[in-house]
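Values in this document were obtained by computation on a predicted structure and should not be read as measured data. The figures that follow rest on heavy atoms only: side chains count, while hydrogens, waters and symmetry mates do not.
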Amino acid sequence: MERLELSTALSQSRQFVANLKKASQVDIRDCYQCGKCSAGCPLVSAMDYNPHQILRMLQLGQVDKVLHAKSIWVCAHCATCFARCPKEVDLPRLMEALRIEAKKRGIIKEKTVDLFSDLFLDSVQKYGRVHEMGMIAFYNLKSGQLFKDAMLAPTLLANRKISPFPHKIQGQQAVQKIFAKAKAMGGERL
(Lines give C-alpha, C1' and ligand atoms only; values in the text may rest on other atoms or scores of the structure.)
Protein backbone atom coordinates (compact mmCIF):
# COMPACT_ATOMS: atom_id res chain seq x y z
CA MET A 1 0.00 0.00 0.00
CA GLU A 2 1.21 3.44 -0.90
CA ARG A 3 2.06 5.79 1.99
CA LEU A 4 0.65 9.28 1.77
CA GLU A 5 2.15 12.21 3.67
CA LEU A 6 -1.17 13.97 4.10
CA SER A 7 -0.06 17.36 5.43
CA THR A 8 2.53 17.76 2.65
CA ALA A 9 0.10 16.66 -0.06
CA LEU A 10 -2.60 19.02 1.18
CA SER A 11 -0.30 22.04 1.39
CA GLN A 12 1.14 21.35 -2.07
CA SER A 13 -2.30 20.97 -3.63
CA ARG A 14 -3.94 24.01 -2.01
CA GLN A 15 -3.35 26.34 -4.98
CA PHE A 16 -4.35 23.66 -7.49
CA VAL A 17 -7.63 23.03 -5.66
CA ALA A 18 -8.34 26.77 -5.54
CA ASN A 19 -7.70 27.08 -9.28
CA LEU A 20 -9.81 24.00 -9.95
CA LYS A 21 -12.70 25.51 -7.99
CA LYS A 22 -12.39 28.74 -9.94
CA ALA A 23 -12.33 26.89 -13.27
CA SER A 24 -15.14 24.44 -12.53
CA GLN A 25 -17.23 26.25 -9.92
CA VAL A 26 -17.13 23.00 -7.94
CA ASP A 27 -16.08 22.85 -4.31
CA ILE A 28 -14.59 19.40 -3.74
CA ARG A 29 -15.23 19.78 -0.01
CA ASP A 30 -18.97 19.42 -0.69
CA CYS A 31 -18.55 15.70 -1.44
CA TYR A 32 -19.06 13.48 1.60
CA GLN A 33 -18.33 10.22 -0.25
CA CYS A 34 -21.80 8.71 -0.39
CA GLY A 35 -20.83 7.03 -3.68
CA LYS A 36 -24.12 7.67 -5.51
CA CYS A 37 -22.16 9.21 -8.40
CA SER A 38 -20.16 6.03 -8.88
CA ALA A 39 -23.19 3.78 -8.44
CA GLY A 40 -25.01 5.57 -11.28
CA CYS A 41 -22.14 6.16 -13.68
CA PRO A 42 -22.68 4.16 -16.89
CA LEU A 43 -18.94 4.18 -17.65
CA VAL A 44 -17.58 3.31 -14.24
CA SER A 45 -16.46 -0.13 -15.45
CA ALA A 46 -14.11 1.54 -17.95
CA MET A 47 -12.58 3.83 -15.32
CA ASP A 48 -9.46 3.18 -13.27
CA TYR A 49 -10.92 5.16 -10.35
CA ASN A 50 -14.63 5.63 -9.61
CA PRO A 51 -15.94 9.21 -9.67
CA HIS A 52 -16.19 9.44 -5.87
CA GLN A 53 -12.60 8.16 -5.64
CA ILE A 54 -11.44 10.98 -7.92
CA LEU A 55 -13.07 13.46 -5.57
CA ARG A 56 -11.53 11.79 -2.51
CA MET A 57 -8.07 11.83 -4.06
CA LEU A 58 -8.48 15.55 -4.74
CA GLN A 59 -9.60 16.08 -1.15
CA LEU A 60 -6.42 14.31 -0.02
CA GLY A 61 -4.17 16.37 -2.30
CA GLN A 62 -3.29 13.58 -4.74
CA VAL A 63 -3.31 15.88 -7.76
CA ASP A 64 -0.77 14.00 -9.91
CA LYS A 65 -2.61 10.74 -9.44
CA VAL A 66 -5.88 12.36 -10.53
CA LEU A 67 -4.34 14.08 -13.56
CA HIS A 68 -2.84 10.76 -14.66
CA ALA A 69 -6.13 8.90 -14.17
CA LYS A 70 -7.88 7.39 -17.15
CA SER A 71 -11.22 8.20 -15.49
CA ILE A 72 -11.11 11.92 -16.25
CA TRP A 73 -10.91 11.07 -19.98
CA VAL A 74 -13.50 8.29 -19.87
CA CYS A 75 -16.22 10.50 -18.33
CA ALA A 76 -18.89 11.10 -20.99
CA HIS A 77 -20.37 14.15 -19.23
CA CYS A 78 -23.79 12.49 -19.22
CA ALA A 79 -24.51 14.17 -15.84
CA THR A 80 -26.01 11.06 -14.25
CA CYS A 81 -23.65 11.60 -11.32
CA PHE A 82 -24.74 15.21 -10.97
CA ALA A 83 -28.42 14.24 -11.03
CA ARG A 84 -27.87 11.66 -8.29
CA CYS A 85 -25.63 13.76 -6.04
CA PRO A 86 -27.41 14.91 -2.84
CA LYS A 87 -24.92 17.80 -2.56
CA GLU A 88 -25.20 18.79 -6.25
CA VAL A 89 -21.47 18.36 -6.90
CA ASP A 90 -21.16 18.98 -10.63
CA LEU A 91 -18.73 16.19 -11.47
CA PRO A 92 -18.92 16.65 -15.27
CA ARG A 93 -17.70 20.24 -14.90
CA LEU A 94 -14.97 19.07 -12.56
CA MET A 95 -13.89 16.31 -14.95
CA GLU A 96 -13.71 18.80 -17.83
CA ALA A 97 -11.59 21.19 -15.76
CA LEU A 98 -9.30 18.27 -14.87
CA ARG A 99 -8.99 17.31 -18.54
CA ILE A 100 -8.05 20.87 -19.44
CA GLU A 101 -5.42 20.98 -16.68
CA ALA A 102 -4.05 17.57 -17.67
CA LYS A 103 -3.84 18.70 -21.28
CA LYS A 104 -2.01 21.90 -20.27
CA ARG A 105 0.55 19.72 -18.52
CA GLY A 106 0.85 17.38 -21.50
CA ILE A 107 -0.80 14.47 -19.68
CA ILE A 108 -3.23 13.03 -22.20
CA LYS A 109 -4.12 9.56 -21.02
CA GLU A 110 -6.71 8.84 -23.70
CA LYS A 111 -5.41 10.36 -26.92
CA THR A 112 -8.42 9.25 -28.97
CA VAL A 113 -10.83 11.03 -26.60
CA ASP A 114 -8.77 14.20 -26.86
CA LEU A 115 -8.60 13.90 -30.65
CA PHE A 116 -12.36 13.33 -30.89
CA SER A 117 -13.04 16.36 -28.71
CA ASP A 118 -10.74 18.60 -30.76
CA LEU A 119 -12.23 17.48 -34.08
CA PHE A 120 -15.77 17.88 -32.76
CA LEU A 121 -15.11 21.46 -31.63
CA ASP A 122 -13.27 22.29 -34.88
CA SER A 123 -16.27 21.14 -36.90
CA VAL A 124 -18.77 23.04 -34.77
CA GLN A 125 -16.65 26.19 -34.90
CA LYS A 126 -16.24 25.94 -38.67
CA TYR A 127 -19.77 24.94 -39.73
CA GLY A 128 -21.97 25.58 -36.70
CA ARG A 129 -22.68 21.86 -36.53
CA VAL A 130 -20.77 18.62 -36.85
CA HIS A 131 -19.95 17.45 -40.35
CA GLU A 132 -20.10 13.73 -39.58
CA MET A 133 -18.32 12.40 -42.65
CA GLY A 134 -15.47 14.89 -42.35
CA MET A 135 -15.13 14.19 -38.67
CA ILE A 136 -15.10 10.40 -39.19
CA ALA A 137 -12.52 10.71 -41.96
CA PHE A 138 -10.21 13.02 -39.99
CA TYR A 139 -10.63 10.99 -36.81
CA ASN A 140 -9.75 7.73 -38.52
CA LEU A 141 -6.86 9.32 -40.41
CA LYS A 142 -5.36 11.02 -37.35
CA SER A 143 -5.91 8.03 -35.06
CA GLY A 144 -4.21 5.69 -37.51
CA GLN A 145 -7.33 3.70 -38.35
CA LEU A 146 -7.80 4.91 -41.92
CA PHE A 147 -10.12 2.13 -43.11
CA LYS A 148 -11.95 1.50 -39.83
CA ASP A 149 -15.35 2.75 -41.03
CA ALA A 150 -14.81 2.39 -44.77
CA MET A 151 -17.30 -0.49 -45.07
CA LEU A 152 -20.05 1.64 -43.52
CA ALA A 153 -19.64 4.61 -45.84
CA PRO A 154 -21.55 3.28 -48.90
CA THR A 155 -24.63 2.41 -46.83
CA LEU A 156 -24.56 5.66 -44.88
CA LEU A 157 -24.17 7.69 -48.07
CA ALA A 158 -26.86 5.73 -49.93
CA ASN A 159 -29.31 6.20 -47.05
CA ARG A 160 -28.34 9.87 -46.75
CA LYS A 161 -27.32 9.43 -43.12
CA ILE A 162 -24.13 11.36 -43.82
CA SER A 163 -23.20 13.86 -46.49
CA PRO A 164 -19.84 14.17 -48.21
CA PHE A 165 -20.23 17.94 -48.09
CA PRO A 166 -20.46 20.08 -44.96
CA HIS A 167 -23.47 22.33 -44.47
CA LYS A 168 -23.15 25.56 -42.55
CA ILE A 169 -26.02 26.61 -40.35
CA GLN A 170 -27.76 29.95 -40.50
CA GLY A 171 -26.61 32.20 -37.71
CA GLN A 172 -22.97 31.27 -38.01
CA GLN A 173 -22.11 34.56 -36.29
CA ALA A 174 -23.89 33.38 -33.13
CA VAL A 175 -21.66 30.30 -33.01
CA GLN A 176 -18.56 32.44 -33.45
CA LYS A 177 -19.77 34.67 -30.60
CA ILE A 178 -20.10 31.62 -28.35
CA PHE A 179 -16.53 30.54 -29.12
CA ALA A 180 -15.28 34.12 -28.63
CA LYS A 181 -17.11 34.41 -25.30
CA ALA A 182 -15.75 31.06 -24.12
CA LYS A 183 -12.24 32.23 -25.04
CA ALA A 184 -12.76 35.56 -23.25
CA MET A 185 -13.82 33.63 -20.14
CA GLY A 186 -10.54 31.73 -20.21
CA GLY A 187 -11.74 28.74 -22.18
CA GLU A 188 -8.76 28.55 -24.46
CA ARG A 189 -8.48 25.77 -27.00
CA LEU A 190 -5.38 23.71 -26.36
Side-chain angles (χ1 to χ4, degrees), residues 2-6 8-31 33 35 37-38 40-82 84-85 87-125 130 135 138-145 178-190:
E2 169 188 349
R3 283 187 65 125
L4 175 64
E5 186 62 43
L6 192 55
T8 304
L10 288 173
S11 68
Q12 289 176 345
S13 68
R14 192 166 290 128
Q15 187 60 48
F16 177 82
V17 169
N19 291 342
L20 186 63
K21 182 179 178 183
K22 185 178 176 186
S24 67
Q25 303 299 311
V26 175
D27 189 343
I28 61 171
R29 295 175 300 179
D30 287 343
C31 175
Q33 295 291 300
C37 54
S38 299
C41 178
L43 294 175
V44 74
S45 63
M47 294 180 170
D48 48 359
Y49 299 104
N50 295 344
H52 78 280
Q53 291 174 314
I54 293 288
L55 275 161
R56 188 64 180 152
M57 289 190 294
L58 287 171
Q59 290 170 341
L60 296 175
Q62 295 181 295
V63 173
D64 274 353
K65 200 170 182 178
V66 168
L67 293 177
H68 283 86
K70 181 180 174 182
S71 302
I72 64 174
W73 296 95
V74 171
C75 173
H77 300 102
C78 68
T80 302
C81 53
F82 182 52
R84 295 172 57 98
C85 181
K87 296 287 286 181
E88 298 181 345
V89 175
D90 194 343
L91 256 166
R93 290 185 94 177
L94 184 71
M95 293 291 201
E96 183 62 24
L98 289 168
R99 273 188 200 180
I100 291 169
E101 184 59 32
K103 195 169 177 176
K104 281 180 185 173
R105 296 182 183 198
I107 308 165
I108 302 172
K109 197 75 173 181
E110 293 292 319
K111 293 189 182 337
T112 55
V113 173
D114 187 48
L115 175 62
F116 183 89
S117 177
D118 287 346
L119 291 172
F120 181 89
L121 288 174
D122 287 345
S123 187
V124 170
Q125 187 171 17
V130 174
M135 190 170 155
F138 281 119
Y139 177 81
N140 288 344
L141 180 67
K142 290 185 174 188
S143 64
Q145 312 170 73
I178 292 169
F179 276 89
K181 186 174 181 179
K183 186 175 182 177
M185 294 172 64
E188 61 193 81
R189 301 269 317 270
L190 301 173

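For Asp114, the salt bridge (charged side-chain N to carboxylate O under 4.0 Å, His left out) partners are Lys103, not counting sequence neighbours. With sequence neighbours excluded, no residue forms a side chain to side chain donor-acceptor pair (under 3.5 Å) with Arg14. Asp64 meets the side chain to side chain donor-acceptor pair (under 3.5 Å) test with no other residue; sequence neighbours excluded. In terms of the side-chain contact (heavy atoms from CB on, under 4.5 Å) criterion, residue partners of Val74 (sequence neighbours excluded) are, by chain and number, Leu43, Ala46, Met47, Lys70. Every residue two or more places apart in sequence or in another chain was checked for a salt bridge (charged side-chain N to carboxylate O under 4.0 Å, His left out) with Arg93, and none qualifies. Legend: residues meeting side chain to side chain donor-acceptor pair (under 3.5 Å) with Asp30, ordered by chain and number and at least two apart, are absent. Residues satisfying the side-chain contact (heavy atoms from CB on, under 4.5 Å) test with Ala102, not counting sequence neighbours, are Leu67, Ile72, Trp73, Ile107. Judged as a side-chain contact (heavy atoms from CB on, under 4.5 Å), and not counting sequence neighbours, the contacts of Glu88 are Phe82. For Lys65, the salt bridge (charged side-chain N to carboxylate O under 4.0 Å, His left out) partners two or more places apart in sequence, or in a different chain, are Glu2. Listed by chain and residue number, Glu5, Gln12 satisfy the side-chain contact (heavy atoms from CB on, under 4.5 Å) test with Thr8 (two or more places apart in sequence, or in another chain). Residues satisfying the salt bridge (charged side-chain N to carboxylate O under 4.0 Å, His left out) criterion with Lys21, sequence neighbours excluded, are Asp27.
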Name each donor-acceptor pair under 3.5 Å that joins a side chain in residues 51-63 to protein atoms two or more places apart or in another chain, with its distance.
unit_1 : atom_1 : unit_2 : atom_2 : d
His52  : ND1    : Ser38  : OG     : 2.6
Gln53  : OE1    : Asn50  : N      : 2.7
Arg56  : NH1    : Gln59  : OE1    : 3.1
Gln59  : NE2    : Ile28  : O      : 2.7
Gln59  : NE2    : Cys31  : O      : 3.0

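Of the options Leu98, Ile100, Leu94, a side-chain contact (heavy atoms from CB on, under 4.5 Å) to Glu96 is made by Ile100 and by none of the others.
In terms of heavy-atom proximity, Tyr49 sits nearest to Ala69 at CD1-CB, 3.8 Å. Pairing each heavy atom of Phe179 with each of Leu121, the nearest pair is CZ-O, 3.7 Å. Counting all heavy atoms, side chain and backbone alike, Thr112 lies closest to Tyr139 at CB-OH, 3.1 Å. Between Arg105 and Glu101, the shortest heavy-atom distance links the atoms NE-OE2, 2.8 Å.
For Phe116, the CZ atom sits in a loose shell: 12 or fewer heavy atoms of surrounding residues, nucleotides or ligands are nearer than 6.0 Å.
The CG atom of Leu91 sits 11.0 Å away from the OG1 atom of Thr80 when rounded to the nearest 0.5 Å. Ser24 OG to Asn19 CG: the interatomic distance, rounded to the nearest 0.5 Å, is 10.5 Å.
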